[in-house]
Structure formats: structure tokens, C-alpha cells
Amino acid sequence: MPSSATIFQRRFHAATGYFELGILDEAVRELEELPPEEKKRTEVLALRLVLSSALKNWDEAAAWGEAVIKAVPEEAALWLQYAYAVRRANSIEAAEQVLLQAMELHPNEATIRYNLACYACVSERIPEAKLRLQEAFAREKSLRS
């Protein structure tokens, strides 16, 4: 009989493969089949976030995002995905709050500042948007393109 670790590896890799192939319902099904204790693993939470986003289930994606950033706040990319889900599920203002928290933890992450600039622009706060863009470009020159 396969060990719990082996079962996890098989199911998680299958879910990841289905996700990469765009077979999203099967990816979700594989994750649902994981034992309850394995569903709390960081990599599962992160995959749930991107899967829910791909399915445009924004409320669910926001919930998974909140769970995963609590588990691994050091992963800036997950904050960005979480903020996007919050923006779609709730509002730009709520997403901005997420990114402001993220910026405190990741002050040198240019993409966070870039996204804050986008939100400021959409909200017609142009001077703030320009400042955020300057900050982002200072940290990562390639963002200009």
C-alpha cells in the first residue's frame, strides 16, 4: 500500500499537470481527493488560489489567497495573486489594502508598487499613480517596457 507521502505526491502532481494542461475540473478533483491534513499544505493552498482564479471563482480565490499568504507571507507573488482575486471579488480599494500590507513585507518588490500605481490610475489618483510608477521603475527598470 502506498504511503501517505506517495499518495500526496501522485495527487498533487496530477493536479498540477491538469492545471498546466488547462483541464481545471480534473485538477480540482485531484485536490479534493487529498487527505484532509494534506489539503492544508502551502503548495496545495497556492494551487487552489491559481485554480480558483483560472476558473474566475473570485470569492473562493480570495479565500484561498488569504489562507496562503498567512502560511507563507514571504512569497510576494502570492500577495499579488491574492490582491488580484480580492480586486475581482470585492473592490480596488480592498485590493489596494492587500498590496499596501504586501509592500510593508516586500519593500523592494517593484511589481507591488506597479500594481498600486495601476489601482491609483484607475481610481483617478494620477499624482499617486505617477509616484508609484517612479518607485516601481527605480526598483525594476524592465517594467517600463
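Remember, predicted model here, so these are calculated numbers, not experimental data. The figures here come from the full heavy-atom set of this structure, side chains too, leaving out hydrogens, waters and symmetry mates.
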### Summary
Taken to the nearest 0.5 Å, the spacing of Y82 OH from S53 OG works out to 12.0 Å

Just list the side-chain donor-acceptor pairs under 3.5 Å for residues 11-21, sequence neighbours left out, or say none.
unit_1, atom_1, unit_2, atom_2, d
R11, NH1, E30, OE1, 2.9
H13, NE2, Q9, OE1, 2.8
T16, OG1, F12, O, 2.9

### Task
Apply side-chain hydrogen bond (donor to acceptor under 3.5 Å, both in side chains) to E32 and list each qualifying residue two or more places apart in sequence or on a separate chain.
R48

### Query
side-chain contact (heavy atoms from CB on, under 4.5 Å) with Q81: which residues, sequence neighbours excluded?
L49, V50, L78

### Query
Can you name the residues that form a side-chain contact (heavy atoms from CB on, under 4.5 Å) with P35, not counting sequence neighbours?
E37, E38

### Query
Does L133 have any side-chain contact (heavy atoms from CB on, under 4.5 Å) partners at least two apart in sequence or in another chain, and if so, which?
Y114, A117, F137

## Note on the structure
Separation between CG (D25) and CG (L55), nearest 0.5 Å, reads 6.5 Å

### Contact check, side chains of E43 and F8, non-hydrogen atoms, under 4.5 Å
yes

### Summary
For R113, the side-chain hydrogen bond (donor to acceptor under 3.5 Å, both in side chains) test, sequence neighbours excluded, returns E135

### Message
Is there a path of hydrophobic side-chain contacts, each under 4.5 Å between heavy atoms, that joins L131 and L116?
### Response
no

### Query
So, for A89 and A62, which heavy atoms are closest and what is the spacing to 0.1 Å?
CB-CB, 4.3 Å

### Query
Counting only heavy atoms not in K130, do more than 12 fall under 6.0 Å of its NZ?
no

### Query
Under the salt bridge (Lys or Arg N to Asp or Glu O under 4.0 Å) rule, what pairs show up with a residue in residues 72-89, not counting sequence neighbours?
none

### Task
Tell me, please, which residues at least two apart from K70 pass salt bridge (charged side-chain N to carboxylate O under 4.0 Å, His left out).
E66

### Query
Roughly how far apart are W64 CH2 and N57 CG, rounded to 0.5 Å?
11.0 Å

### Task
Check whether I92 and L80 end up in the same hydrophobic cluster, where Ile, Leu, Val, Met, Phe, Trp and Tyr are linked by side-chain heavy atoms less than 4.5 Å apart.
yes

### Query
Which pair of heavy atoms, one from A76 and one from I112, lies closest together, and at what distance?
CB-CD1, 4.5 Å

## Note on the structure
To the nearest 0.5 Å, atom CG of L31 lies from atom CZ of R41 at 12.0 Å

#### Entry: E33: side-chain hydrogen bond (donor to acceptor under 3.5 Å, both in side chains) partners, not counting sequence neighbours
none

N/O donor-acceptor pairs under 3.5 Å from side chains in residues 94-109, not counting sequence neighbours:
unit_1, atom_1, unit_2, atom_2, d
E96, OE2, R125, NH2, 2.3
H106, NE2, P73, O, 2.8
E109, OE2, T111, OG1, 3.4

### Task
Applying ring pair (Phe, Tyr, Trp, His ring centres under 6.0 Å), name anything that partners Y84, two or more places apart in sequence or on another chain.
W58

### L47 reachable from V28 in the ILVMFWY side-chain graph, under 4.5 Å edges
yes

### Task
Verify the cluster assignment for L51 and L45: are they in a single hydrophobic cluster under the rule of side-chain heavy atoms below 4.5 Å apart?
no

### With A77 via side-chain contact (heavy atoms from CB on, under 4.5 Å) - residues at least two apart
none

